[in-house]
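Being a predicted model, the structure only gives us computed values, none of them experimental. Protein chains get the first letters and strands the later ones, always in sequence-line order, with residue 1 at the start of each.
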Number of protein chains: 2
Amino acid sequence: MRIASGRKAFVEPLRLGERLKEIRLANQWTLEEVSQRTGLARSTLSKIENDQISPTFTAVQKLINGLAIDLPQLLSPPKPQTQTLGRRDLTRSGEGQHHPTPTYEHELLSCQLAQKRMIPFKTIVRARHFEEFSEWVRHDGEEFLMVLEGKILMYTEYYEPLPLESGDSIYFDSAMGHALVSVSEEDAVVLSVCTRGDTV
Amino acid sequence: MRIASGRKAFVEPLRLGERLKEIRLANQWTLEEVSQRTGLARSTLSKIENDQISPTFTAVQKLINGLAIDLPQLLSPPKPQTQTLGRRDLTRSGEGQHHPTPTYEHELLSCQLAQKRMIPFKTIVRARHFEEFSEWVRHDGEEFLMVLEGKILMYTEYYEPLPLESGDSIYFDSAMGHALVSVSEEDAVVLSVCTRGDTV
DNA sequence: AAACTCGGTTTCCGATAGTGAACAAGTCAT
DNA sequence: ATGACTTGTTCACTATCGGAAACCGAGTTT
């Protein structure tokens with residue numbers, strides 16, 4: 001047993017063979033037909049279906065091409081279109097997950113809900129001078145931001161510094177470098193909501 | 001037996017290595033860090049990124065687990081890096097587009113920016129009793145909501161009414177029927193951010 | 001400038017995925 | 001029944017994937 005140094009990274013089952021067989025049978029295809037369509041050998045297909053081997057990614061591509069299915073379809077195991085309807089995740093004021101840094105103190109909101117498309121968090125802006133940032137903050141996706149308390153100066157990569165105060169809001173492409181500094185007596189507080197950077 | 005000549009099954013590119021590298025660099029991870037997270041060897045990662053090998057599906061799983069990304073994100077092809085970089089849309093307090101109704105008074109924020117993935121708006125909750133709503137409010141997608149001023153009672157289709165006050169926030173599936181009423185002296189004010197209901 | 005670090009690539013080799021051929025188990029037709 | 005055909009599994013072999021370690025700049029440090 002080779003040790004993979006510390007970290008776990010367990011590979012759960014995710015029985016893709018089973019799923020593949022389902023699809024094949026649902027379409028009343030034989031292994032031979034699937035072989036024709038995908039270019040993979042009958043034997044290989046058999047082994048994949050019985051979870052005897054873990055297919056190469058190119059093999060997976062041949063499968064999704066040849067069978068005209070898409071990944072989600074191949075992965076969604078028992079087809080649970082049940083939907084996570086009616087989920088919700090409450091965060092009382094101040095009770096989010098705190099992540100302090102020298103310049104910002106982030107408080108992640110609604111962090112119990114795993115699969116979500118937006119990431120909301122509240123930030124106390126500790127920074128007082130632009131120079132405190134070693135480099136731009138940037139991340140894929142879009143960001144909406146509203147100042148809840150105090151006044152800030154928003155520095156961005158492409159624009160002049162922009163003064164914002166309580167109630168002002170801004171929507172921007174968060175791949176553009178940005179950085180906030182407080183300019184009021186007290187530290188400013190802002191609410192941000194970011195998109196997850198995936199699906200375009 | 002339809003197609004009898006699919007033998008070749010052209011292996012189209014779908015440069016996953018490239019995409020993976022993008023993701024890694026975007027997060028400023030080194031190969032070593034990714035190795036720790038995924039349990040894959042540095043060398044293996046390097047080869048995958050340079051399209052020297054086609055990773056096993058288990059390897060792909062380790063990647064998506066370890067990096068907390070999902071398949072679509074990994075596959076979404078060459079990334080539209082062009083992007084409308086550096087867009088932004090400022091809304092000064094109170095200067096959004098107002099849409100009054102008997103129960104709510106919505107103020108759309110950042111409405112100059114057309115193509116965006118989130119819709120932020122501020123709402124003054126005029127309703128005082130649940131009975132004022134003829135039916136549930138519901139819409140595709142997800143919604144994040146934070147109470148800015150006052151106290152409200154949030155009625156939902158599947159849960160007990162939930163009292164929320166200034167600073168509290170909640171994230172929920174907005175397909176679940178919902179309705180807000182003010183229970184404080186003054187009308188309550190809430191900030192909402194919805195996802196656009198398209199991309200699943 | 002040698003000595004060290006750090007991030008990435010390349011090398012070598014054991015482990016395993018993918019293939020064609022052989023095999024076992026039906027099914028069908030005579 | 002017997003032989004011809006089909007379908008899925010197993011075998012033997014080769015191609016290639018995955019990992020440890022060596023290797024290579026590019027900085028830093030001494």
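Counting to the nearest Å, the C1' atom of dT10(C) and the CD atom of Glu49(B) are 15 Å from each other. Leu45(A) places its CG atom 14 Å from the C1' atom of dG20(C), with the value rounded to the nearest Å. The CD-P distance, from Gln61(B) to dG18(D), rounds to 13 Å in whole Å. Straight-line distance from the NZ atom of Lys62(B) to the C1' atom of dG19(D): 10 Å, rounded to whole Å. Going from atom CD1 of Ile53(A) over to atom P of dT10(D) covers 13 Å, rounded to whole Å. Separating the NZ atom of Lys47(B) from the P atom of dT10(C) is a distance of 10 Å, rounded to the nearest angstrom. Separating the CG atom of Leu40(B) from the C1' atom of dT16(C) is a distance of 15 Å, rounded to the nearest angstrom. Look at CD1 on Ile48(A): it is 14 Å from C1' on dG8(D), rounded to the nearest Å.
An OP1 or OP2 oxygen of dT10(D) is reached within less than 4.0 angstrom by a side-chain nitrogen or oxygen of Gln52(A). Regarding contacts with the backbone of dT16(C), every side-chain N or O of Ser54(A) stays at 4.0 angstrom or more from both OP1 and OP2.
Side-chain polar atoms of His106(B) and Thr123(B) form a donor-acceptor pair below 3.5 angstrom.
Other residues, nucleotides and ligands contribute only 12 or fewer heavy atoms inside 6.0 Å of the NE2 atom of His129(A).
Nucleic acid contact class of Thr56(A) (heavy atoms, under 4.0 Å, all strands): sugar-phosphate only.
Centroid-to-centroid, the aromatic rings of His178(B) and Tyr155(B) stay 6.0 Å apart or farther.
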Report all interatomic pairs (protein N or O, nucleotide N or O of nucleotides 6-8 of chain C) with separations under 3.5 Å.
residue: dG8(C); atom: OP1; partner: Arg24(B); partner atom: NH1; Å: 2.9
residue: dG8(C); atom: OP1; partner: Arg24(B); partner atom: NH2; Å: 3.4
residue: dG8(C); atom: OP2; partner: Arg24(B); partner atom: NH1; Å: 3.4
residue: dG8(C); atom: OP2; partner: Leu31(B); partner atom: N; Å: 2.8
residue: dG8(C); atom: O6; partner: Arg42(B); partner atom: NH2; Å: 2.8

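Between dT19(C), dG19(D), dG18(D), one nucleotide has an atom nearer to the side chain of Ser43(A) than all others, and that is dT19(C).
Classified by interplanar angle (parallel below 30°, tilted 30° to 60°, perpendicular above 60°), the ring pair Trp136(A)/Phe130(A) is tilted. Below 30°, between 30° and 60°, or above 60°: for Tyr171(B) and Phe144(B) the angle between ring planes is between 30° and 60°, a tilted geometry.
Other residues sharing the hydrophobic cluster of Ile119(B), ordered by chain and number and joined by side-chain separations under 4.5 Å: Leu108(B), Phe121(B).
Considering only residues two or more places apart in sequence or on other chains, Glu95(A) meets the salt bridge (Lys or Arg N to Asp or Glu O under 4.0 Å) condition with none of them.
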